[in-house]
Asks: 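Take this structure, written in structure tokens, and hold onto it; I'll ask about it next.
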Amino acid sequence: MSLFSQANLFSFSIMHGPNPQERKLMEDWIEAFVAFVNDSQEYDYGTRTIEDMRVAAPDCTIQIEKDERWSDLVKLGHIFANDI
């Protein structure tokens, strides 16, 4: 999907409002963000390893998946940090 198409879908959702599943997803996602910003020690993000990431799935749920690109991104970070 092109960026233009994504922008159109976003605008449609804002203009017409999210459906109940989308709204629940947004509330759950924002709840985790608020916990992170407030440095909550009690909130369970669902991740268990540094390679885990939260993903908004097409079925409007939040899933935990392994970041398949984690080691590549760590290597890239070392390059940017001039720490090769």
Asks: Could you tell me whether the side chain of Leu76 reaches within less than 4.5 Å of the side chain of Asp72, counting heavy atoms only?
Replies: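 Asp72 does not reach Leu76 side chain to side chain.
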Asks: Hey, does Glu22 have a side-chain heavy atom less than 4.5 Å from the side chain of Asn19?
Replies: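 Answer yes - side chains close enough.
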Asks: Does one hydrophobic cluster hold both Val74 and Ile50, with members joined at side-chain heavy-atom distances below 4.5 Å?
Replies: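 Val74 clusters together with Ile50.
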Asks: Is a donor on one side and an acceptor on the other found under 3.5 Å between the side chain of Tyr45 and the backbone of Phe36?
Replies: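 Checking the backbone N and O of Phe36 against the side chain of Tyr45, a donor-acceptor pair under 3.5 Å is found.
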Asks: By the salt bridge (charged side-chain N to carboxylate O under 4.0 Å, His left out) test, which pairs, at least two apart or in different chains, include something from residues 58-69?
Replies: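 Qualifying pairs, neighbours excluded: Glu51-Lys66.
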Asks: What are the two closest heavy atoms between Cys60 and Gln21, and how far apart are they?
Replies: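 Closest approach of Cys60 to Gln21, heavy atoms only: CB-O, 3.8 Å.
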Asks: Give a yes or no answer on whether the side chain of Asp28 reaches the backbone of Leu25 with a donor-acceptor pair at less than 3.5 Å.
Replies: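 Between the backbone of Leu25 and the side chain of Asp28 there is no qualifying donor-acceptor contact (under 3.5 Å).
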Asks: Give the minimum heavy-atom separation between Pro18 and Met26, together with the two atoms involved.
Replies: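 Minimum heavy-atom contact is CG-CE, 3.7 Å.
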Asks: When rounded to the nearest 0.5 angstrom, what distance separates CD in Glu31 from OH in Tyr43?
Replies: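 One gets 4.0 Å once the value is rounded to the nearest 0.5 Å.
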Asks: Could you tell me whether a side-chain N or O of Arg54 sits under 3.5 Å from a main-chain N or O of Ile62, the two making a donor and an acceptor?
Replies: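 Answer holds: no.
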